[in-house]
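First the structure, in the form of structure tokens, and then the observations on it.
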Protein chains: 2
Amino acid sequence: MGRPATHDVPRQGSRSGPVRLADVAQAAGVSRPLASRVLNGDPAVRAAPETKARVLEAADRLGYVPHVGARSLRSSRTGLIGLVVHDLSSPIYLELMRGARAEAARHNYFLVLGDVDELLADDDAFTIFISGRRVDGIVVQGGHGEFDLRVDEIAHALPTVVVNAPTAESDTVTQVFPDEVAATRMLTEHLLGLGHRRFGLVTGPRRSTTSLLREKGIAAALADASLELREEDRVHGPWTADAGRAGLVELIRRWDGDPQRPTAVIAGNTLIGIGMLGAAAAQGWSVPADLSVAAVHDTWVSEHLVPALTTVSLPLYDVGVTAVRTLLSGTPGGTRIELSDPPPALHPRASTQRPPDLGRARHDPHPSGIEKPAGGGPS
Amino acid sequence: MGRPATHDVPRQGSRSGPVRLADVAQAAGVSRPLASRVLNGDPAVRAAPETKARVLEAADRLGYVPHVGARSLRSSRTGLIGLVVHDLSSPIYLELMRGARAEAARHNYFLVLGDVDELLADDDAFTIFISGRRVDGIVVQGGHGEFDLRVDEIAHALPTVVVNAPTAESDTVTQVFPDEVAATRMLTEHLLGLGHRRFGLVTGPRRSTTSLLREKGIAAALADASLELREEDRVHGPWTADAGRAGLVELIRRWDGDPQRPTAVIAGNTLIGIGMLGAAAAQGWSVPADLSVAAVHDTWVSEHLVPALTTVSLPLYDVGVTAVRTLLSGTPGGTRIELSDPPPALHPRASTQRPPDLGRARHDPHPSGIEKPAGGGPS
DNA sequence: CTGAAAGCGCTTACAG
DNA sequence: CTGAAAGCGCTTACAG
């Protein structure tokens with residue numbers, strides 16, 4: 001407002017268009033290289049303080065902003081980091097993205113978004129993204145089987161960090177991931193502490209590294225109590241709410257008439273957990289009275305669900321931060337960083353409580369799949 | 001794998017480092033400009049088809065990828081669009097982001113992420129983002145009061161499109177937003193059709209344009225039925241689940257003992273709706289038996305809530321698509337595009353049904369804030 | 001330490 | 001239509 005409706009920046013002398021370094025140098029009465037060095041804070045500069053001040057003042061007054069393209073052409077530094085994501089709708093990955101973005105900003109870097117599926121489908125996009133010297137490095141969300149296979153290829157062209165899902169060892173790829181084992185161990189110990197002795201699990205694909213680590217944490221906690229997770233109490237599938245719903249329905253079917261049926265079910269992630277809460281309600285099971293439910297990952301929605309969902313949070317924001325920091329610090333490839341600080345944090349909520357007394361009353365949920373209305377409720 | 005562990009690309013002749021246009025031209029036996037023109041599909045090129053093919057083949061074989069910095073220096077086109085977002089955790093904005101990203105990709109553009117709060121807090125970041133010729137244009141999520149004030153400033157420097165929240169008319173800014181009025185009208189008509197006659201509303205800030213438009217849609221539908229939304233049945237606040245929770249608690253307090261109390265409450269967005277479902281449960285109100293709840297925006301979580309949440313979806317993905325398309329088409333500033341196609345879509349789910357018969361039974365919810373367990377449920 | 005010169009890789013007026 | 005030349009704006013060896 002109050003400024004002329006033009007895309008040009010206020011200018012000096014007769015030349016129109018954006019202010020260049022040369023304009024600043026001229027205005028400050030110094031050479032172009034010196035202006036560049038002062039502006040970039042080169043510690044080797046010995047110019048008088050007032051000269052430096054004059055350069056800074058001129059740049060400020062003229063509204064000088066370096067042309068990032070020219071800079072990157074000369075110095076082959078773009079100030080951009082590529083972030084390759086799977087699924088922009090998942091609240092889980094978003095935390096990671098937020099952390100990466102914030103840390104990038106701290107270093108005056110910006111993030112360029114890439115989508116796994118699209119990069120896989122469009123070879124040109126893939127190439128331009130990776131090799132167009134468009135970005136100085138890449139952060140990839142691991143755990144996408146097909147894309148993981150190409151990460152090594154990317155890492156040969158650019159510094160690359162895979163976050164969140166450990167993959168095969170590699171000489172070129174750096175990996176940053178949270179302590180998955182500690183997380184599910186913590187969740188399982190919470191349930192053990194409440195008195196549960198038999199557990200169900202609905203989680204991601206059987207071959208997923210993340211699934212394996214999470215099952216490992218559960219197994220470790222159970223082993224300490226001389227218990228184990230039976231094969232028939234596990235369901236593997238996609239990391240989605242729909243899969244969570246289907247998974248619990250399947251488990252309930254398997255448990256039919258079993259007086260020793262599990263009293264607590266762990267969800268491999270929050271989406272699965274949300275689906276399980278829906279399935280429980282649809283099947284006429286009350287959570288937590290009939291069944292405790294707990295999930296990996298704490299998201300904004302966890303505490304607002306009915307019942308509020310017990311979760312364990314992994315430091316995803318910090319994983320994002322660490323990934324970018326590692327990338328920019330020039331850490332050599334092949335490093336594997338398991339983030340143990342901050343540790344996973346338990347968020348006990350209404351969806352978990354002590355187990356029901358299955359011995360006393362026979363277990364027989366409503367046969368109908370519809371939850372009965374609460375009898376008119378507050379009327 | 002199988003490739004040498006080096007950041008260099010396979011090369012031609014003695015020169016190391018990435019393949020340049022000159023390398024391609026040489027390999028194809030043409031001049032640099034001609035190679036450039038062929039590669040960029042310049043229709044004016046009259047070279048023999050086999051010459052063109054030789055250039056393309058050479059580029060492909062050598063793995064040529066243009067240096068985007070050099071290109072942008074010369075042609076002042078960066079191939080990047082800035083996307084300025086408020087809140088990376090909101091599932092609502094994500095749809096918009098997904099659409100913008102997909103459309104950008106279709107034009108071989110990538111998205112650079114900016115964060116409203118950070119750009120406001122860090123003047124340098126703001127300047128570099130806006131004026132570093134880092135991006136060719138900017139898409140801004142409107143509705144952030146403080147940032148909206150600076151949009152005009154941005155639009156003077158770069159083509160700018162504001163999405164999702166109409167702001168003041170402007171000569172420079174282009175706006176793209178969905179038909180908010182039609183959406184809440186549709187939602188309200190759904191509730192009217194079920195038999196509801198008095199309504200509550202928990203929505204965003206009173207001065208928010210989006211709030212105003214959504215209230216306008218409700219008012220329009222009610223006016224058709226010779227009804228109106230009373231002032232005392234509205235609560236304004238942030239667009240968050242916490243605010244939804246607090247809002248419904250407040251409404252329930254106001255309705256205490258009112259035999260004519262509203263039987264349906266509209267949530268200004270899904271986050272608010274989620275908070276309301278939680279509040280209803282905590283207050284011992286059954287949704288939909290005691291109260292119907294419906295919300296604006298359909299997200300992945302809507303159908304998985306308990307009860308599943310009735311919503312109206314706005315074409316946010318398409319808003320993102322249109323924003324980018326408008327930006328790249330060079331549409332002059334000042335254009336306002338209200339997206340009426342696709343129209344809002346109603347998703348009727350379990351959270352809405354016919355109103356309870358308030359006349360018959362006196363309304364008196366459980367005094368305790370705790371929902372009673374379902375009496376042992378399936379035991 | 002500083003300045004004059006070179007050059008990053010590309011595209012686009014400009015001649016031919 | 002095509003090629004030789006220029007030049008986008010910056011930073012960095014290289015002399016001094």
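Reminder, nothing fancy here: chain letters follow the sequence lines and each chain counts from 1.
The partner of D/dA13 cannot be assigned: no Watson-Crick or G-U wobble pair with both contacts below 3.5 Å exists in any strand. In this structure, D/dA4 forms no base pair with any nucleotide, since neither Watson-Crick nor G-U wobble geometry is met with both distances under 3.5 Å.
Of the listed nucleotides (D/dC10, C/dG3, C/dC10), D/dC10 has the atom at the smallest distance from the side chain of A/Ala70. For A/Ala44, the side-chain atoms get nearest to C/dC1 when compared with the rest of C/dC1, C/dG9, D/dA5.
Two residues, B/His67 and A/Val30, neighbour DNA chain C, and the one matched to the more 5' nucleotide by heavy-atom proximity is A/Val30. Taking the nucleotide of DNA chain D with the nearest heavy atom to each of B/Val45 and A/Ala22, the more 5' of the two is matched to B/Val45.
Of the charged side-chain nitrogens involved, at least one lies within less than 4.0 Å of a carboxylate oxygen, so that A/Arg98 and A/Glu95 count as a salt-bridged pair. Using a 4.0 Å cut-off between charged nitrogen and carboxylate oxygen, B/Arg54 and B/Glu57 do not count as a salt-bridge pair.
Atoms CZ (B/Arg77) and C1' (C/dT12) sit 15 Å apart, rounded to a whole Å. The distance between atom CD1 of B/Ile128 and atom P of D/dC10, rounded to the nearest whole Å, is 13 Å. As rounded to whole Å, 12 Å separates atom C1' of D/dT11 from atom CG of A/Leu39. In this structure, A/Arg20 places its CZ atom 14 Å from P of D/dT11, rounding to the nearest Å. Taking atom CG of residue B/Leu73 and atom C1' of nucleotide C/dT12, one finds them 13 Å apart after rounding to whole Å. A/Asp42 has its CG atom 9 Å from the P atom of C/dC1, to the nearest Å. Between the OH atom of B/Tyr64 and the P atom of C/dG9 there is a distance of 10 Å, given to the nearest Å. Separating the CZ atom of B/Arg133 from the P atom of D/dC8 is a distance of 12 Å, rounded to the nearest angstrom.
Within 4.0 Å of A/Leu34, counting heavy atoms only, lie sugar-phosphate atoms of the nucleic acid but no base atom.
Annotation: side chain of B/Val163 is not in contact with side chain of B/Val140 (no heavy-atom distance under 4.5 Å). Side-chain contact between A/Asn164 and A/Leu316 is present, with at least one heavy-atom pair separated by less than 4.5 Å.
Taking atom P in both D/dC14 and D/dC10, one finds a spacing of 23 Å when rounded to whole Å. With both ends at atom P, the span from D/dA13 to D/dG9 equals 23 Å, rounded to whole Å.
Judged by distance alone, with hydrogens and angles left aside, B/Arg37 brings a side-chain donor or acceptor within reach of the base of D/dG3, the pair sitting under 3.5 Å. Side-chain atoms of B/Arg74 stay outside donor-acceptor range of the base of C/dG9, with no qualifying N/O pair under 3.5 Å.
Look at B/Arg71 and you'll find a side-chain N or O under 4.0 angstrom from OP1 or OP2 of C/dT11. OP1 or OP2 of C/dC1 lies within a sub-4.0 Å distance of a side-chain N or O belonging to A/Arg46. Between B/Ser36 and C/dT11 there is a side-chain N or O to OP1 or OP2 distance below 4.0 Å.
Neither side chain, B/Arg101 nor B/Tyr109, offers a donor N or O lying under 3.5 Å from an acceptor on the other.
Of the candidates B/Leu96, B/Ile337, B/Val139, B/Ile337 is the only one forming a side-chain contact (heavy atoms from CB on, under 4.5 Å) with B/Val176.
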